[in-house]
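FYI, side chains are in, hydrogens and waters are out, and symmetry mates aren't considered; it's all heavy atoms of this structure. Naming convention: chains lettered A, B, ... in sequence-line order (proteins, then strands); numbering from 1 in each chain.
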Protein chains: 2
Amino acid sequence: MNIGEAAAASGVSAKMIRYYEQIGLIKPPARTEAGYRVYSDNDISTLLFIRRTRDLGFAVEKIGDLLTLWHDRSRASADVKRIALDHVDALERKMRELQSMADTLRHLAQNCHGDGRPDCPIIEELAHAEALPSCHAPAPRPRADSLQNFRKHG
Amino acid sequence: MNIGEAAAASGVSAKMIRYYEQIGLIKPPARTEAGYRVYSDNDISTLLFIRRTRDLGFAVEKIGDLLTLWHDRSRASADVKRIALDHVDALERKMRELQSMADTLRHLAQNCHGDGRPDCPIIEELAHAEALPSCHAPAPRPRADSLQNFRKHG
DNA sequence: CTTGACCTTCCCATCATTGGAACCCTTATT
DNA sequence: AATAAGGGTTCCAATGATGGGAAGGTCAAG
C-alpha cells in the first residue's frame with residue numbers, strides 16, 4: 001500500500017501522513033527500492049486511530065499519549081479515562097466561552113432595528129461600552145480564548 | 001501617548017498594535033522625531049473597539065468590516081446586524097461541534113472502569129470502531145473542524 | 001553620565017494543514 | 001520503445017493571532 005492508498009483507506013491525507021511521520025507521531029514505514037512509502041494493515045489501523053482521536057478534537061500531542069497507551073498492554077485504564085475526561089473539560093470550557101460570546105452578541109443584536117438607517121446599538125456598544133455584558137470575568141485581562149488545539153483545518 | 005501607554009489603556013498588547021498596523025487594520029500613527037509611535041485618544045477608542053470585537057471572537061477581517069461600518073455615517077444597521085448574527089451562527093455551529101465531541105467522549109468514558117487494569121473501552125472503540133457514535137454526520141468526510149478564526153492565543 | 005525602562009525593527013515559533021515547485025517512478029497507451 | 005498521465009519524493013511557504021527575543025536607539029530619573 002502506497003501513501004495515496006493509505007490516505008484513502010484511513011481518511012488521513014497523504015500530506016498529513018508525512019507530517020505525522022516527520023514529527024514522530026508514527027514510525028517511518030518501509031520503502032520500496034524507488035523510495036515509495038509502503039504501509040501495512042497495521043499502519044492503516046494506526047492511521048484510523050489517529051483520525052478518530054483527531055475528529056474528537058485531541059491535540060496531536062495527546063494523540064501521541066493515547067497511541068502509547070494503546071500499545072501498552074500494562075496500561076491503567078484510569079490513565080486513558082483521565083485524558084478523555086480532561087479533554088471533555090476542555091471542550092466544555094471552550095463551549096462556555098463561545099456561549100458567552102454568542103449571548104452577548106445576541107443581546108446586542110436584539111435592540112438593533114436591522115434596517116436601512118445607520119442607528120445601530122451594536123456599533124454603539126462596541127464603541128462606547130465601559131465593559132461589555134460578557135465581560136464579567138474576574139481576572140483583569142483573561143484573554144477571550146485561553147484554549148488551543150481544537151483543530152482548525154478540516 | 002506612546003505604544004506602551006496605548007497598550008495599557010486599551011488592553012491590546014504593544015505587539016498586537018504593531019501587528020494590526022502592519023496588516024492595515026489600523027492606520028500608521030504619527031511618530032516622534034525619534035521614531036516613537038504616538039497615539040491620540042481617538043486611536044485609543046479604535047483600539048478599545050478592536051479589543052471588544054476580538055473578545056467576542058470576531059476574526060480580524062470581520063473586525064475590519066466593523067470598523068469600516070463604524071466610521072460610515074451612512075451605514076445601514078442591517079449590515080452590522082447581519083455580521084453580528086452571522087457570527088452568532090458560526091459560534092453556535094462551533095458549539096454544536098464541540099458538544100458532539102464531548103458527548104461522544106463522555107459516552108466512551110462512561111463504560112471505562114478507570115482503575116489500574118488495562119481493559120479500556122475507550123481505547124477499544126478508538127482502535128476498532130467502524131464509525132464512532134459521533135460520526136453520524138451525513139457528508140462522507142466532513143472533517144471535524146469546519147470553522148476557523150475563533151482566536152487561538154490569549 | 002550612567003542606569004534602567006522603554007521604544008524601534010527584524011526574525012522565529014506556535015499548531016495543524018494545505019499548496020506548490022521541481023523532480024523521480026510506474027503504468028498504460030500509442 | 002517512446003511518451004503522457006498520474007502518482008510518488010523532498011523542500012519551502014503560507015495560513016491566523018500571538019508571544020518571545022535579539023540588537024540597537026531613546027528617554028527620564030538619579
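- In this entry the distance linking CD1 of B:Ile50 with C1' of D:dT18 reads 15 Å, nearest Å.
- For A:Ile3, the listed nucleotide lying nearest its side chain is D:dG8; candidates were D:dG8, D:dA17, C:dA16.
- One can place CE of A:Met1 at 15 Å from P of D:dG7, the figure rounded to the nearest angstrom.
- Annotation for A:Ala102 and B:Val88: closest pair O-CG2, 4.2 Å, computed over non-hydrogen atoms.
- Straight-line distance from the CZ atom of B:Arg51 to the P atom of D:dT18: 12 Å, rounded to whole Å.
- Applying a 4.0 Å cut-off to non-hydrogen atoms, the residues of residues 31-43 of chain B that approach DNA chain D are B:Ala34, B:Tyr36, listed by residue number.
- When the P atom of C:dT26 is taken as reference, atom CD of A:Glu5 falls 14 Å away, rounded to whole Å.
- The closest side-chain donor-acceptor pair between A:Asp43 and A:Ser40 falls under 3.5 angstrom.
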Would you list the atom pairs, donor with acceptor, under 3.5 Å between side chains in residues 11-22 of chain B and any protein atom, with sequence neighbours excluded?
unit_1  : atom_1 : unit_2  : atom_2 : d
B:Ser13 : OG     : B:Met16 : N      : 3.1
B:Glu21 : OE1    : B:Arg37 : NE     : 2.8

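- With respect to the salt-bridge test (charged N to carboxylate O, under 4.0 angstrom), the residues B:Arg93 and B:Asp89 do not qualify.
- Distance, B:Arg18 CZ to C:dC11 C1': 14 Å, rounded to whole Å.
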| said: One pair to check against side chain to side chain contact (heavy atoms under 4.5 Å, CB included): A:Leu105 and B:Leu91. What are the steps and the verdict? | reply: CA-CA 10 Å; A:Leu105 259 176; B:Leu91 290 165; 4.3 Å; yes
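- Sequence order on DNA chain C of the closest nucleotides to B:Lys15 and A:Ser13 puts B:Lys15 first from the 5' end.
- In this structure, CG of B:Leu47 is placed 16 Å from P of D:dA17, rounded to the nearest angstrom.
- Between the CG atom of A:Asn2 and the P atom of D:dG8 there is a distance of 5 Å, rounded to whole Å.
- Between B:Asp103 and B:Gln99, some side-chain heavy-atom pair lies under the 4.5 Å cut-off.
- The distance between atom CD of A:Glu21 and atom C1' of C:dA16, rounded to the nearest whole Å, is 17 Å.
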For a quick test of your reading: what N or O donor-acceptor pairs under 3.5 Å do the side chains of residues 61-69 of chain B make, sequence neighbours left out?
unit_1  : atom_1 : unit_2  : atom_2 : d
B:Thr68 : OG1    : B:Gly64 : O      : 3.0

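- Within the 4.0 Å cut-off from OP1 or OP2 of C:dT17, at least one side-chain nitrogen or oxygen of A:Tyr20 is found.
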